[in-house]
Amino acid sequence: MQRPYTDPDVLQEHLNRIRSGLVADPPAAISSCKNLLESLFKIILERSRVAYSRSDDIPDLYRKVAELLALNAEAVPESARASQTSQRILRTLVTTVNSLSELRNELGVGHGQSTRSAALARHARLALNATVTIAEFMLDTWQTRLEAGVLEIEPTH
């Protein structure tokens with residue numbers, strides 16, 4: 001089954017921008033990492049008919065997606081210990097989303113910086129790897145919930 005993107009080109013554009021900017025423009029690559037996740041969260045919410053506000057920032061969007069995907073539920077029903085461990089890892093996703101937003105504010109190209117960014121390629125690569133981890137987990141979880149019939153999505157036109 002194909003992943004249920006509304007417009008995978010949007011995500012691919014962000015990914016292309018990130019990859020081309022890793023060395024050439026690390027601040028722009030960092031900003032695009034945050035933008036990719038924000039776009040993904042909005043796609044999931046829109047396709048699932050969950051309202052969000054234009055003023056919702058990326059932590060707000062993440063919370064809504066996490067609630068929709070039941071990421072706070074028992075992660076491994078067969079094992080309480082594995083479930084607790086999974087929950088600790090899931091909590092780091094929240095921290096990582098927040099940190100990517102902060103990194104974008106400090107080293108990215110947003111908010112009209114008055115000084116040159118100190119971002120290096122390694123900072124951009126760190127942001128990319130964190131972004132891929134979060135995006136793949138969210139997409140895989142969304143897909144699993146859809147296949148299980150727990151969630152439905154708005155058909156594309």
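All of these numbers come straight from a predicted model, not from anything done at the bench.
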Quiz item: Do Arg63 and Glu67 meet the salt-bridge criterion of a basic N to acidic O distance under 4.0 Å?
Solution: no
Which pair of non-hydrogen atoms, one from [X] and one from [Y], has the smallest distance, and what is that distance?
| X | Y | value |
| --- | --- | --- |
| Leu36 | Leu15 | CD1-N, 3.9 Å |
| Leu11 | Leu40 | CD2-N, 3.9 Å |
| Leu90 | Tyr62 | O-OH, 4.0 Å |
| Ile30 | Ala119 | CD1-CB, 3.7 Å |
| Ala121 | Pro26 | N-CG, 3.7 Å |

What is the distance from atom [atom1] of [X] to atom [atom2] of [Y], rounded to the nearest 0.5 Å?
| X | Y | atom1 | atom2 | answer |
| --- | --- | --- | --- | --- |
| Phe137 | Thr96 | CZ | OG1 | 12.0 Å |
| Leu37 | Ile58 | CG | CD1 | 5.0 Å |
| Leu93 | Ser99 | CG | OG | 11.5 Å |
| Arg88 | Arg91 | CZ | CZ | 7.0 Å |
| Leu100 | Thr95 | CG | OG1 | 11.0 Å |
| Leu71 | Ile89 | CG | CD1 | 13.0 Å |

Quiz item: Hey, does Val94 have a side-chain heavy atom less than 4.5 Å from the side chain of Asn98?
Solution: yes
Practice problem: Show your reasoning for whether side chain to side chain contact (heavy atoms under 4.5 Å, CB included) applies to Asn35 and Glu38. | Solution: CA-CA 5 Å; Asn35 294 341; Glu38 190 170 5; 4.2 Å; yes
Please determine whether residues [X] and [Y] belong to a single hydrophobic cluster, defined as Ile, Leu, Val, Met, Phe, Trp and Tyr linked transitively by side-chain heavy-atom distances below 4.5 Å.
| X | Y | result |
| --- | --- | --- |
| Tyr52 | Leu68 | yes |
| Leu45 | Trp142 | yes |
| Leu22 | Val132 | yes |

[X] side chain to [Y] main-chain N or O, any donor-acceptor pair under 3.5 Å?
| X | Y | result |
| --- | --- | --- |
| Ser31 | Pro27 | yes |
| Ser32 | His14 | no |
| Arg145 | Leu69 | yes |
| Thr141 | Met138 | no |
| Asp60 | Asp57 | yes |
| Ser48 | Val50 | no |

Quiz prompt | Working for side chain to side chain contact (heavy atoms under 4.5 Å, CB included), residues Phe41 and Ile134 | solution = CA-CA 11 Å; Phe41 297 161; Ile134 293 165; 4.2 Å; yes
Quiz prompt | Gln12 vs Asn16, side chain to side chain contact (heavy atoms under 4.5 Å, CB included): CA-CA, chis, key distance, verdict | solution = CA-CA 6 Å; Gln12 191 61 51; Asn16 292 343; 2.9 Å; yes
Exercise. Check salt bridge (charged side-chain N to carboxylate O under 4.0 Å, His left out) between Asp56 and all other residues, then give those that pass, not counting sequence neighbours.
Key: Lys64
